[in-house]
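For clarity, every value in this text was computed on a predicted model and none was experimentally measured.
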Amino acid sequence: MIARLHLYLVDLTAAVVIGVLVGYAMVEHQDKSWWLVVPGTLLVALPVTVRRIWPVTALVVSTAATAAVVVGQVLPTEALGAPVGAVCFALYTVAVDRSRRWSLAALAFAVVAIAGVSGGEPENVFVVLTAMSAVWIIGYTTRMRRSYLERERAQQGEQALSDERLRIARELHDVVAHNLSLIAVQAGNAAHVRSPEHAYEALQVISETSRAALTEMRGLLGVLRADADLAPSPGLDGLADLADRASLAGVRVALQVRGDTEVPEGIGLSAYRIVQEALTNVVKHAAPASCTVSVDVTPEAVRVDVADDGPGVRELGVGHGLIGMRERVAVYGGTFSAGPGPDGGFRVVAELPTR
């Protein structure tokens, strides 16, 4: 917002300078009345202030007004420099914001209109054509560069999304592999025990574990894992260690975990990773700061709320952290939000359904 305001102030300053020069030329060279000078000056210069909002309209108005004041002998042809500057400002914006066909049509319109009232001398026509063509080339080159950067950012976002999904799939693979191993062990026990009670208990474990494994499999993306990480997956019980590590980095963390921490392994892992990424962002962007981490566990969902009192500015574009948090929540069909907090700072809220 501040950057856009700065650009509008630049345009306003340019319009004032052009208006002063045009008005001075009208009065100095031809001593025209104010009721001709003021409207003519405003129509030539004022469109510069709105060229970023209505570029084509600004170009048409400035060009038509310039031609009108020259044809009406309100402005002498030797004072065309300032009005042409206003036309070039608008032409540059059209070349940046509009397609090549539109911008070339705008260039032809401006060149024909200004060259037609410049006295008809070949050198004047050449100067007008050269100046406006140079402005169009600069604007069109800027458009191409911005388009390339947008495509590059989109590709980076897609790559970050793909990498994060791969990482999530690998972690879900750990959970599913653990459940299937447990099923295999219990199935082996049930096949060898002699007591019906023990067999029933083993089958009950197999039933519960298989349902949990099927739930986790819905989030698995079918990515084959290339490496093996045999460390146990972290869960809600590991949040205290995260808070301690963040405190060592200069972030004072107040951790509150309410409810039963015994949740499905995939849910616990996702909640842990969300808190981890949120605290990492606080350390990177807000330290030293204070941070509150609230985790509410209910039979229906696990709700994670991480809020800090830092400056409240984050890059929400292609950053891996926020993309990863969104993807983890999306796997379980939950809700996610991240942005400035109501009392300042930055806040991350995620809800993971457990059913």
Side-chain angles (χ1 to χ4, degrees), residues 4 7-27 29-30 32 35-148 150:
R4 297 290 295 179
L7 294 176
Y8 290 135
L9 289 177
V10 170
D11 290 343
L12 178 60
T13 303
V16 170
V17 173
I18 292 173
V20 170
L21 293 176
V22 171
Y24 177 79
M26 291 179 178
V27 175
H29 292 278
Q30 301 187 174
K32 295 296 182 180
W35 59 272
L36 290 175
V37 172
V38 173
T41 300
L42 291 178
L43 287 174
V44 170
L46 197 59
V48 175
T49 62
V50 296
R51 67 186 179 95
R52 301 180 192 275
I53 304 175
W54 302 298
V56 175
T57 302
L59 176 65
V60 171
V61 172
S62 286
T63 304
T66 299
V69 294
V70 174
V71 171
Q73 298 183 351
V74 180
L75 181 74
T77 55
E78 58 267 21
L80 269 176
V84 168
V87 174
C88 287
F89 268 105
L91 178 62
Y92 169 82
T93 310
V94 172
V96 171
D97 291 346
R98 296 295 186 266
S99 65
R100 182 171 60 181
R101 179 180 299 179
W102 269 99
S103 61
L104 283 174
L107 172 63
F109 165 74
V111 169
V112 170
I114 302 302
V117 298
S118 62
E121 298 180 3
E123 59 271 18
N124 292 342
V125 175
F126 177 77
V127 170
V128 171
L129 177 62
T130 302
M132 292 190 177
S133 298
V135 169
W136 181 88
I137 291 173
I138 295 172
Y140 187 72
T141 302
T142 302
R143 173 183 172 83
M144 292 296 98
R145 182 176 60 85
R146 291 180 180 178
S147 177
Y148 171 77
E150 289 176 0

Roughly how far, to the nearest 0.5 Å, is the CD1 atom of Ile18 from the CG atom of Leu46? 11.0 Å
Pair listing, ring-ring contact (aromatic ring centres under 6.0 Å, His included) test, anchored in residues 124-144, at least two apart: Trp136-Tyr140
Worked verdict on Tyr8 versus Ile53 for side-chain contact (heavy atoms from CB on, under 4.5 Å): CA-CA 10 Å; Tyr8 290 135; Ile53 304 175; 3.9 Å; yes
Could you check whether any side-chain heavy atom of Val84 comes within less than 4.5 Å of a side-chain heavy atom of Cys88, counting everything from C-beta outward? yes
How close do Val96 and Gly139 get, heavy atom to heavy atom, and via which atoms? CG2-O, 3.4 Å
Ile137 CD1 to Leu107 CG distance, which is reported to the nearest 0.5 Å: 9.0 Å
Donor-acceptor pair, side chain of Ser133 and main chain of Thr130, under 3.5 angstrom: no
Contacts satisfying side-chain hydrogen bond (donor to acceptor under 3.5 Å, both in side chains) that involve residues 46-61 (not counting sequence neighbours) are Asp11-Arg51, Asp11-Arg52, Arg51-Thr93
Worked verdict on Met132 versus Val87 for side-chain contact (heavy atoms from CB on, under 4.5 Å): CA-CA 9 Å; Met132 292 190 177; Val87 174; 3.7 Å; yes
Shortest non-hydrogen contact between Val117 and Val71, atoms and distance: CG1-CG2, 3.6 Å
Give a yes or no answer on whether the side chain of Ser147 reaches the backbone of Met144 with a donor-acceptor pair at less than 3.5 Å. no
How long is the span from the OG1 atom in Thr77 to the CG atom in Asn124, to the nearest 0.5 Å? 7.5 Å
